[in-house]
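All ligand and atom numbering here is 1-based and tracks the order in the structure. Computed from a predicted model, the values in this text were never measured in an experiment. Numbers here simply count residues along the sequence, with the first being 1. Heavy-atom basis, side chains included; hydrogens, waters and symmetry copies ignored.
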Amino acid sequence: MTSPAPVVLVFLDPAFPNGRLADASKPQLMATDQGAIRGDGVFESMLAVGGSVRKLQAHLDRLDSSALALDLENPGQDRWRKAIETGVAEHRMQHPAPSPADDELVVKLVVTRGVEGAGSPTCWVQVSPVGAAGRRQRETGIDVILLDRGHDSGVAERAPWLLMGAKTLSYAVNMAALRYAHKQGADDVIFTSSDGRVLEGPTSTVLLAHLETSDDGAGGNRTTRRLVTPRLDSGILPGTSQGALFNAARAAGWELGYGPLEPQDLLEADAVWLISSIRLLAPVNHIDGKEIGTPAIQKQLTAELNELFAGIQ
Ligand code: PLP
């Protein structure tokens, strides 16, 4: 048996301005908490590099909008910032990284509706090391299968109670899709809608790149680099990584596009990635067994986007 990864917990507690440290090896949650019983709550997963959380403001803002979608009380961002600082500092003190390159932590924020009848949310920060598999997939890339998400791409607007754009604790379906993919020998999933649109991964945003070469009017050629992601209103979670990378790519001269995308667009792309805060850019090598793009171009574009993404704080 492998020993569990070292976890630090910090609960948001009005009596502790910087958060209350709690022992992760002991029970900490009431069995009647509605987060445990109904998955009624929201969360965020963020990456801390060298002790500093990347895209912190974007994550805190998305936590606010997820909580708002569920009519959930959410402590102010200042309280979250203090508890995060406490948790990250404690983890780095208790379990120092073996080298600066390994100094990466997953910082999870959780808000549940709390114990039934108590009328106040349960909120905590969980800090743990980044898993080896995710870090490896940044280098090796991944094989993906397309799976039907079971709804059409207009559902978010038509049925807001389905909470499509919120990062809720109800991830059982996403995890089941990943297990299904692993049983088929794949690493990950891209969901499609019942009307044939590309949506997102169970824990990531889909990106594709197209290179277009045209006459530059001066006897030479000009290459346009275009980065595309599915429409944000198609019932997907707005990714903080995609948003930040798009801003950096625009400044670096890339053209940007927002779907709608169909599976054929992925198969015809020069490169496809699944992007998220912890695993970062995972290049997609195959979709349903079909090779995507060419390895040399994929490698070059991945290096370029990784460099842009590394500059984002
Ligand atoms: N889509 C889903 C369903 C996710 O769960 C995630 C991240 O966990 C993402 C997209 C990517 O979001 P981010 O880039 O903010 O990590």
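Of the protein's non-hydrogen atoms, the one nearest atom 8 (O) of ligand 1 is Lys167 NZ, 2.7 Å. Atom 12 (O) of ligand 1 has its closest protein heavy atom at Arg62 NH1, 3.5 Å. In terms of protein heavy-atom proximity, atom 1 (N) of ligand 1 is closest to Glu200 OE1, 2.9 Å. Given atom 15 (O) of ligand 1, the protein heavy atom at minimum distance is Thr240 OG1, 2.6 Å. Closest protein heavy atom to atom 11 (C) of ligand 1: Thr205 OG1, 3.7 Å. Counting protein heavy atoms only, atom 14 (O) of ligand 1 is closest to Ser241 OG, 2.6 Å. At the top of the distance list for atom 16 (O) of ligand 1, counting protein heavy atoms only, stands Ser277 OG, 2.7 Å.
Between the side chains of Thr122 and Asp33, at least one donor N or O lies within less than 3.5 Å of an accepting N or O. For the residue pair Asn285 / Glu291, no side-chain donor-acceptor distance below 3.5 Å is found, with atom types taken as modelled. A donor atom on one side chain and an acceptor atom on the other are not found under 3.5 Å apart for Asp23 and Gln28. With hydrogens and angles left out, the side-chain atoms of Arg62 and Gln57 include no donor and acceptor closer than 3.5 Å.
Against a heavy-atom cut-off of under 4.0 Å, Pro202 is close to the following atoms of ligand 1: 3 (C), 5 (O). The ligand atoms of ligand 1 that sit less than 4.0 angstrom from a heavy atom of Gly239 are 12 (O), 14 (O), 15 (O). In the vicinity of Gly201, heavy-atom distances shorter than 4.0 Å reach the ligand 1 atoms 3 (C). Heavy-atom contacts of Ser204 reach the following atoms of ligand 1: 1 (N), 2 (C), 4 (C), 6 (C), 9 (C), 10 (C), 11 (C) (cutoff under 4.0 Å). Near Tyr171, the atoms of ligand 1 lying under 4.0 angstrom from a non-hydrogen atom of the residue are 2 (C), 3 (C), 4 (C), 5 (O).
Phe309 carries Arg54 over the face of its six-membered ring, with the cationic atom under 6.0 Å from the centre and within 45° of the normal.
For Lys55, the heavy-atom gap to ligand 1 stays at 4.0 angstrom or more. Contact analysis leaves Gly243 out of contact with ligand 1, as no non-hydrogen atom separation drops below 4.0 angstrom.
For Arg158, the CZ atom sits in a packed shell: over 12 heavy atoms of surrounding residues, nucleotides or ligands are nearer than 6.0 Å. Remark: Glu85 CD is loosely packed, at most 12 non-hydrogen atoms of other residues, nucleotides or ligands lying under 6.0 Å away.
The two residues Asn247 and Arg250 make their nearest non-hydrogen contact at OD1-NH1, 3.3 Å.
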Donor-acceptor contacts under 3.5 Å from residues 257-265 side chains, at least two apart:
{"unit_1": "Gln264", "atom_1": "NE2", "unit_2": "Glu268", "atom_2": "OE2", "d": "3.0"}
{"unit_1": "Asp265", "atom_1": "OD2", "unit_2": "Glu262", "atom_2": "N", "d": "2.7"}

